[in-house]
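It should be emphasised that the depicted structure is a prediction, and the values quoted were computed from it without experimental measurement. Just so it is clear, the values below take in all heavy atoms, side chains as well, and ignore hydrogens, waters and symmetry mates. Note on naming: letters A, B, ... go to the chains in the order of the sequence lines (proteins, then strands), and numbering restarts at 1 for each one.
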There are 2 protein chains.
Amino acid sequence: MTSSPQTSAFAHPGGAAYAPKADVDVMRCLVCDIRNRSLCNSMDEEGLAALAHSSRQLLLPPGTTIVEEGEPALAFFNVTRGTVKLFKSLPDGRRQITGFADAGQFLGLSTAQTYSFGAETVDNVRLCRFLRPQLETLLSDYPTFERRLLAAVTDKLAEAQEQMLLLGRKTAREKVATFLLDRMKAFHQTANRRQEAENLASVPMTRVDIADYLGLTIETVSRTISAFRRSLLIASAENHRIRILSVATLLNIASGQKAD
Amino acid sequence: MTSSPQTSAFAHPGGAAYAPKADVDVMRCLVCDIRNRSLCNSMDEEGLAALAHSSRQLLLPPGTTIVEEGEPALAFFNVTRGTVKLFKSLPDGRRQITGFADAGQFLGLSTAQTYSFGAETVDNVRLCRFLRPQLETLLSDYPTFERRLLAAVTDKLAEAQEQMLLLGRKTAREKVATFLLDRMKAFHQTANRRQEAENLASVPMTRVDIADYLGLTIETVSRTISAFRRSLLIASAENHRIRILSVATLLNIASGQKAD
DNA sequence: GGGCAGACTTGATCTAAATCAAGGTTGCGA
DNA sequence: TCGCAACCTTGATTTAGATCAAGTCTGCCC
């Protein structure tokens, strides 16, 4: 159910995971390759310098804890590469993954003193960390940034509602079809060259993670994916990817149509 | 599954549901009895006048459609009395209620052109309606209001994550226990006299609504509530209320402890 | 105050997905 | 290149909750 032998994002404040030189760092946001797919696209040049100044860049290996359920909510993060999983747990270990944050997505927003969720890297992740006071200064100094964040949180809420529909009312088959299409969309938005992403879904997470995301067991996820493969709706591809052979059929299944 | 023979919140723009006199309306927000439990507590006197000017008050009977899935997102609402249900549906009619908005809660925020969810009154509801351009003006003119809205949406997102944990990983028993405790908390926050709300949960919605909220069937909800009643964990009370006889036990059940 | 519609409860049976139980695959480190 | 650990797949069986099927309760309109 869990697997983090790694360090936390806070473990070594001066450690090697951090970008080493502050002066190089002033340019970081200006030259960031995924800037325009993130919150940061609300910033002008001056704002980008302020962003770079307010944040530190972290490079984290798979299985690293970024945020721990119940710990003080000290920071806000922007994912710039890789995939992060967000989750909540019950005392006996049952876990629900509430979302995956791919490059361009933020995480760690909280109005409470402590985080109500955990976050852990799925693969190799690069992210920008903003400490809370610094984030608050940014919000006050750059109204367009605050407005953009409001829009981003509103979008996350709509996504969460969609996921509630999935968890509460969809069948295993419908859940897995929805997941694969969502991962295709995520890869499409994240991939540098659009061409190569065509009909490919990026699935860097394990079956355990997928099951905990969809409210299923790993066996049911595995069986359902196998069934889709047998029906030639999908095929395996390299690098933890899945090729969607029939988007239309999968869309029908995902939206609850009988069709298959 | 559905039940709205009533008018929509947009049906009669000049109709009787609206507060009749504009000059009385200038004071509306200033004298609002639940102001301090809502977004509006971020406003000074001048701001409250602007709020009153930017919004219209609506009084709606049970079963009225406030927002329709897929319709243009023209307005934002603040509930000031009663309970509203928010939901998403699948083409075949399966429905997931994503939340109940009680007095003091907002609804209708959307970055898309259309609403991705529906909203309908559960009982007699009073709400303030802000058209989109007016809301945007308010956000720009009153930074504290915008900051407060950001905090409110962030809280809604945390709530949604909690509900995903419930939908994906809790048993029927745990779901119903969680629901009853949440309704007790909601009533406690909404009730005028705190005393009378002690250990009472307000449950104005039908079994169908509860089932669609918890990802269960009405039969399972009914059986589970009956079982709690038989175990003397709860008892019926007047006015669609339920008295919680053992908060501690229900808390244990809700959080996944074996205890009962 | 009788009847009826909508909401709720309870019981019997069924089934989708969970659980239990073996293997099979893959990739990495010695 | 061998061995092992983590991950994944497939099959058999069980079960929590769904579905099917009657009732019962409540309040409201005539």
Side-chain angles (χ1 to χ4, degrees), chain A residues 1-6 61-63 92-96 122-123 166-177 179 203-230 234-242 253 256 258 260, chain B residues 1-6 61-63 92-96 122-123 166-177 179 203-230 234-242 253 256 258 260:
Chain A
M1 201 69 99
T2 165
S3 64
S4 28
Q6 307 292 343
D92 64 2
R94 277 175 286 169
R95 187 183 67 154
Q96 178 66 37
V122 167
D123 48 11
L166 176 147
L167 290 169
R169 290 301 183 215
K170 287 189 181 180
T171 65
R173 194 179 161 70
E174 290 161 2
K175 286 176 175 184
V176 173
F179 173 72
V203 187
M205 62 291 287
T206 65
R207 293 286 182 270
V208 175
D209 286 345
I210 299 173
D212 281 351
Y213 179 57
L214 300 178
L216 298 171
T217 58
I218 56 170
E219 293 94 332
T220 298
V221 171
S222 186
R223 276 188 248 277
T224 308
I225 289 179
S226 295
F228 284 161
R229 200 169 5 234
R230 257 181 274 115
I234 62 172
S236 305
E238 308 203 309
N239 279 113
H240 293 275
R241 280 173 201 157
I242 289 178
I253 296 170
K258 291 246 166 73
D260 49 21
Chain B
M1 200 69 100
T2 167
S3 62
S4 27
Q6 307 292 343
D92 63 3
R94 276 175 287 169
R95 188 182 67 154
Q96 179 65 38
V122 167
D123 48 12
L166 176 146
L167 290 169
R169 291 299 184 217
K170 287 189 181 179
T171 65
R173 194 178 160 72
E174 290 161 2
K175 286 176 174 183
V176 173
F179 172 72
V203 187
M205 62 291 288
T206 65
R207 293 286 182 269
V208 174
D209 285 345
I210 299 173
D212 282 350
Y213 179 57
L214 299 178
L216 298 171
T217 58
I218 55 170
E219 292 93 334
T220 298
V221 171
S222 185
R223 276 187 249 276
T224 308
I225 289 179
S226 295
F228 284 161
R229 200 170 3 233
R230 256 180 275 115
I234 62 173
S236 305
E238 306 204 310
N239 280 111
H240 292 275
R241 279 170 202 160
I242 290 178
I253 297 171
K258 290 247 165 72
D260 51 19

Let's see if you get this right: which residues in residues 214-222 of chain A place a heavy atom under 4.0 Å from DNA chain D? A/E219, A/S222
Taking side chain to side chain donor-acceptor pair (under 3.5 Å) as the definition, give me every residue that meets it alongside B/T220, ordered by chain and number, with sequence neighbours left out. B/T217
Filtered N/O pairs between nucleotides 24-26 of chain D and protein, under 3.5 Å:
none

Net bend of the helix from C/dG1-D/dC30 to C/dA30-D/dT1, end axes of five pairs each, nearest 10 degrees: 30°
Any side-chain N or O of A/S226 under 4.0 Å from OP1/OP2 of D/dT10? yes
Whole-Å gap separating P (C/dA16) and CZ (A/R169): 16 Å
Between protein and nucleic acid, restricted to nucleotides 25-27 of chain C and to nitrogen or oxygen atoms under 3.5 Å apart, what atom pairs and distances do you find?
none

Considering residues at least two apart in sequence or located in another chain, which fulfil the side-chain contact (heavy atoms from CB on, under 4.5 Å) criterion with A/R207? A/I210, A/I218, A/V221, A/I225
From C/dT19, C/dG11, C/dC8, pick the nucleotide closest to the side chain of B/R223? C/dG11
So, using side-chain contact (heavy atoms from CB on, under 4.5 Å) as the criterion, who are the partners of B/T206 when residues are at least two apart? B/V208, B/D209
Could I get the full list of side chain to side chain donor-acceptor pair (under 3.5 Å) partners for A/D92, not counting sequence neighbours? A/R94
If you compare every side-chain N and O of B/R229 against the phosphate oxygens of C/dT9 (OP1, OP2), does one of them come in below 4.0 Å? yes
What pairs with B/K175 under side chain to side chain donor-acceptor pair (under 3.5 Å), at least two apart in sequence or on another chain? none
Atom pair distance, as rounded to whole Å: CG in A/L167 and P in C/dA17: 13 Å
Residue set satisfying side-chain contact (heavy atoms from CB on, under 4.5 Å) with A/A237, at least two apart, ordered chain then number -> A/L200, A/R241
Once side-chain contact (heavy atoms from CB on, under 4.5 Å) is applied, do any residues pair with B/S236, and if so which ones, sequence neighbours excluded? B/R229
Base C/dG6 to side chain B/R207, donor-acceptor N/O within 3.5 Å cut-off: no
Partner residues of A/F228 under the ring-ring contact (aromatic ring centres under 6.0 Å, His included) criterion, sequence neighbours left out: none
When the distance from CG of B/D212 to P of C/dA7 is rounded to whole Å, what number comes out? 13 Å
Starting from P on C/dA16, measure out to NZ on A/K170 and report it in whole angstrom. 19 Å
